[in-house]
Amino acid sequence: MRSCKIITLIPTSISSIGTSKQHFFHPKPFFPFLSLNFHSLSQSLAGSSSCRLLTRHFGTLQGAVSFESTEFAADESQDNSEKSDTVEHLLNHRDDVSGLMKMERRTSPIIDSGFELAQRVRRWFPYLDRFKCGSGVHLTSGEVLEAVGPYIMEERKERFRSAVKNRSYSVCLVVEGLSDFGNVSATFRSADALGFQSVHVVSCDSSKRYRENRHVSMGAEKWLDIELWDSTQECFEVLKSRGYRIATTHVGMDAVSVYDMDWSCPTAIVVGNENRGISDEALELSDLHCSIPMKGMVDSFNVSVAAGILMHHAVCDRSSRLGCHGDLTSEESQILLAEFSLRHSKSAISIAHEYAKRKAATPMPKL
């Protein structure tokens with residue numbers, strides 16, 4: 001019995017016919033009630049084997065063609081990509097991290113020691129309402145959504161809207177000096193799941209390799225704003241200029257319980273190295289020290305577990321005080337929604353650029 005993997009759709013949806021080298025079935029007539037797509041056909045095996053059936057919904061045929069072809073290419077290179085962990089690669093290639101973010105970003109406020117923290121910046125949001133398409137052409141977030149929206153499934157767009165509604169930049173996570181990329185991956189996954197959009201990584205030890213981290217992060221790094229820093233001082237100075245107070249996790253006499261903190265204030269939560277903990281420099285530069293009360297025989301958590309507990313309590317406290325954790329304005333929500341739409345697929349970038357070309361070629365009406 002042959003082993004095969006078939007991708008098809010329920011009768012009310014539309015699918016594309018892929019263009020991969022392995023695709024040999026190309027029916028010319030189009031039947032709106034059913035379309036089959038043989039993505040990849042396994043080699044014939046002796047004996048019995050299972051056959052896996054996957055379903056996929058698309059709003060338009062054009063959208064299906066665009067995104068299915070992109071995903072097929074990605075599937076073909078999956079075996080090679082898994083050889084290099086995504087999180088580890090990003091943390092060692094700063095340009096690739098910057099490339100994840102599509103909309104134009106603001107520059108951090110200039111640090112001026114003569115101003116109080118509240119006067120430096122009222123509320124930090126990193127993006128401008130501009131997507132640069134080259135040759136001096138820019139798209140607004142509304143234009144990006146207009147261009148890319150028809151090519152994204154409605155279920156996916158609803159997922160974006162739900163995620164953006166619960167996102168916040170008011171609390172961010174800082175991981176300092178972690179050497180286990182598995183822990184970094186786990187903190188990324190927790191941050192995304194709990195609605196933290198901003199994550200900062202300070203000087204990770206790149207001498208260790210952990211090849212299974214792709215399965216730990218579950219691709220969360222794709223949807224986060226990750227910033228890399230060479231020094232703790234540089235990171236803290238920029239965060240303070242953006243209006244954050246720095247809260248380092250530390251077990252000491254002066255540490256405040258996380259349950260006694262007001263998390264409605266803009267706060268950067270800092271977790272430290274697996275063995276050494278928070279550095280002396282970070283402790284000195286931080287605004288306060290906090291700890292998670294423990295009732296057992298051991299006096300520490302795994303760093304990724306501690307980060308998850310801290311972030312979860314911050315979300316609960318903010319929801320209790322403010323009504324919800326997500327606090328983006330309608331304009332900010334639209335910008336972040338456009339950002340997610342552009343990150344969705346490489347095809348989305350191409351579609352936005354084609355839209356910009358048509359926009360530039362359209363003559364402006366005379367007044």
Side-chain angles (χ1 to χ4, degrees), residues 78 81-94 96-97 100-101 159 163 166-229 232 235 239 246-251 258 263 267-279 282 290-294 296 298-318 325 340 343:
Q78 182 176 6
S81 65
E82 286 184 351
K83 295 179 181 178
S84 176
D85 178 74
T86 303
V87 173
E88 181 181 354
H89 176 82
L90 289 175
L91 298 186
N92 287 291
H93 297 79
R94 183 165 302 193
D96 290 349
V97 174
L100 284 177
M101 293 170 271
R159 185 74 174 268
N166 293 286
R167 279 301 208 251
S168 175
Y169 286 92
S170 296
V171 187
C172 67
L173 177 68
V174 180
V175 292
E176 185 204 26
L178 297 190
S179 58
D180 187 335
F181 286 107
N183 284 330
V184 180
S185 300
T187 59
F188 284 0
R189 183 174 177 179
S190 297
D192 172 70
L194 292 169
F196 284 60
Q197 185 61 29
S198 179
V199 177
H200 302 259
V201 181
V202 181
S203 54
C204 268
D205 181 1
S206 61
S207 63
K208 296 187 178 182
R209 302 183 65 84
Y210 296 83
R211 296 186 178 181
E212 299 302 323
N213 298 338
R214 175 183 303 277
H215 307 291
V216 176
S217 70
M218 295 297 290
E221 65 277 359
K222 178 178 180 179
W223 308 106
L224 298 173
D225 293 358
I226 302 171
E227 296 184 65
L228 306 183
W229 305 95
T232 301
C235 175
L239 286 174
I246 310 296
T248 50
T249 52
H250 177 65
V251 179
V258 295
W263 292 95
T267 304
I269 310 169
V270 187
V271 295
N273 181 269
E274 296 87 349
N275 299 315
R276 301 183 301 272
I278 295 288
S279 67
C290 63
S291 65
I292 304 169
M294 289 170 279
V298 297
D299 60 358
S300 65
F301 287 102
N302 169 275
V303 64
S304 63
V305 172
I309 293 173
L310 287 163
M311 289 187 288
H312 182 266
H313 177 69
V315 171
C316 291
D317 183 79
R318 287 172 54 78
H325 169 64
F340 278 16
R343 294 189 192 188

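All figures in this text were calculated on a predicted structure; none of them were measured in a lab. Any value given below was found using the heavy atoms of this structure, including those in side chains, with hydrogens, waters and symmetry copies removed.
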Would you indicate whether the side-chain heavy atoms of [Y] and [X] approach each other to under 4.5 Å?
| X | Y | result |
| --- | --- | --- |
| Val271 | Phe301 | no |
| Leu224 | Phe196 | no |
| Cys290 | Thr249 | yes |

[atom1] of [X] to [atom2] of [Y]: how many Å apart, nearest 0.5 Å?
| X | Y | atom1 | atom2 | answer |
| --- | --- | --- | --- | --- |
| Thr267 | Leu173 | OG1 | CG | 12.5 Å |
| Ser190 | Leu310 | OG | CG | 11.0 Å |
| Phe188 | Phe181 | CZ | CZ | 9.5 Å |

* To do: Name all pairs fulfilling the salt bridge (charged side-chain N to carboxylate O under 4.0 Å, His left out) condition that reach into residues 167-176, sequence neighbours left out, sorted by first residue then second.
  =>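 Pairs touching residues 167-176 that pass the test: Arg167-Asp192.
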
I need the minimum non-hydrogen distance between [X] and [Y], along with the two atoms involved.
| X | Y | answer |
| --- | --- | --- |
| Phe340 | Gln197 | CZ-OE1, 3.7 Å |
| Ile292 | Ala306 | CD1-O, 3.8 Å |
| Ser300 | Met294 | N-SD, 3.5 Å |
| Ala282 | Thr248 | O-CG2, 3.8 Å |
| Ile278 | Gly272 | CD1-N, 3.4 Å |
| Arg189 | Ala220 | CA-CB, 3.7 Å |

* Would you confirm whether Thr187, through its side chain, and Val184, through its main-chain N or O, come within 3.5 Å as a donor-acceptor pair? =>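 Answer holds: yes.
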
* **Heavy-atom donor-acceptor pair, His325 side chain to Gly195 backbone, under 3.5 Å** => yes

* Considering residues at least two apart in sequence or located in another chain, which fulfil the side chain to side chain contact (heavy atoms under 4.5 Å, CB included) criterion with Asn166? -> Ser162

* Asked: Hey, what's the ring geometry for Trp263 with His313, parallel, tilted or perpendicular (30° and 60° as the breaks)?
  ->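 Correct class here is perpendicular.
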
* Using the test salt bridge (charged side-chain N to carboxylate O under 4.0 Å, His left out), find all partners of Asp225 that sit at least two apart in sequence or belong to another chain. =>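 Scan of Asp225 (salt bridge (charged side-chain N to carboxylate O under 4.0 Å, His left out), adjacent residues dropped) gives Arg105, Arg343.
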
